[in-house]
Amino acid sequence: MTKSFLIILICCSSLLFCTQSNKQINQEFDVSSAVKWTMNSAEYQIITEHLYRTAAQNIAAFEVPKESWVVVMDVDETLLNNVEYNRRRDLLGLGYSSESWAEWVKEEAATPVPGSIEFVTQVLDKGGQIALVTNRERELDSYTWNNLTALGFPINRNNTCIMGRSQVDRNSVGMEGMINDKDLRRSQISSGTAKYCWVDNMEVKEVWNRPLSIVYQVGDNIKDFSRTTQKNVVIKAFIKRISSDVLLLPNAVYGSWD
Ligand SMILES: [Mg+2]
């Protein structure tokens, strides 16, 4: 009796173990609604392209200032769509990690946000410069640049400067006039002190080493705009700036609201 009971117990335990193992192996994680919306919806395509077209029309009608001018743009979910990265992470049941993100950036596989190439083209045709102020790590700038140029963004070192985030940017938050970690880079661009824009390309120094008037800011995160955070933004005042000097794109997948 005791022996039979022992055999039954072993069988049950084995069956339970096998069932749990199979469950782990076969388990599939779902993709979030935000990722599906970005990947599959007509709405995302329509909204982003509409916003960019409107902004491009504003630039076309824009009265060019006497001084040299620049449009400051974010990169992720502004110029480059990284939803494939988020889809992969969702399927693994994992979230963002700096290591997996760096690997993704090095793939140079991000796609263009609808309307973004046309907008950049309009700015450059109008005689403006573009500063890409991104929170991708500065060490990854070459991969970001390659991704953008391969997609057909008409950028070169003369008309566009890319500035990834450095430790100096992180440390600057809280210093005078530095509300978010992109404020330092924006101030460097506008004052003509963004040495990073020419240090490896001295032939473009004169283009960037001069005061530049920031006429437009484009991003998907409230911190892509000067001295703005989730906490201090005045919504109604910000809305009034849309169509004049700011363009805010949708990003339901991640943000400083998260
Ligand atoms: Mg972004």
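For ligands, and for the atoms within them, numbers begin at 1 and follow the listed sequence. Just so it is clear, the values below take in all heavy atoms, side chains as well, and ignore hydrogens, waters and symmetry mates.
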Asker: What I'd like to find out is whether the side chain of Glu206 reaches to under 4.5 Å of the side chain of Asn158, using heavy atoms alone.
Answerer: no
Asker: Please find out if the Mg ion (ligand 1) and some N, O or S atom of Asp74 are separated by less than 2.8 Å.
Answerer: yes
Asker: So does Asp224 have any N/O/S atom less than 2.8 Å away from the Mg ion (ligand 1)?
Answerer: no
Asker: Check whether more than 12 heavy atoms from other residues, nucleotides or ligands sit under 6.0 Å from atom CZ of Phe62, and answer yes or no.
Answerer: yes
Asker: Would you name the N/O/S atom of Asp76 that lies closest to the Mg ion (ligand 1)?
Answerer: O
Asker: Without hydrogens or angle criteria, can the side chains of Tyr254 and Glu77 be said to hold a donor-acceptor pair below 3.5 Å?
Answerer: yes
Asker: Restricting to N/O/S, name the atom of Asp220 that gets closest to the Mg ion (ligand 1).
Answerer: OD1
Asker: Think Arg89 forms a cation-pi with Trp101, using NZ or CZ under 6.0 Å from the six-ring centre and within 45 degrees of its axis?
Answerer: no
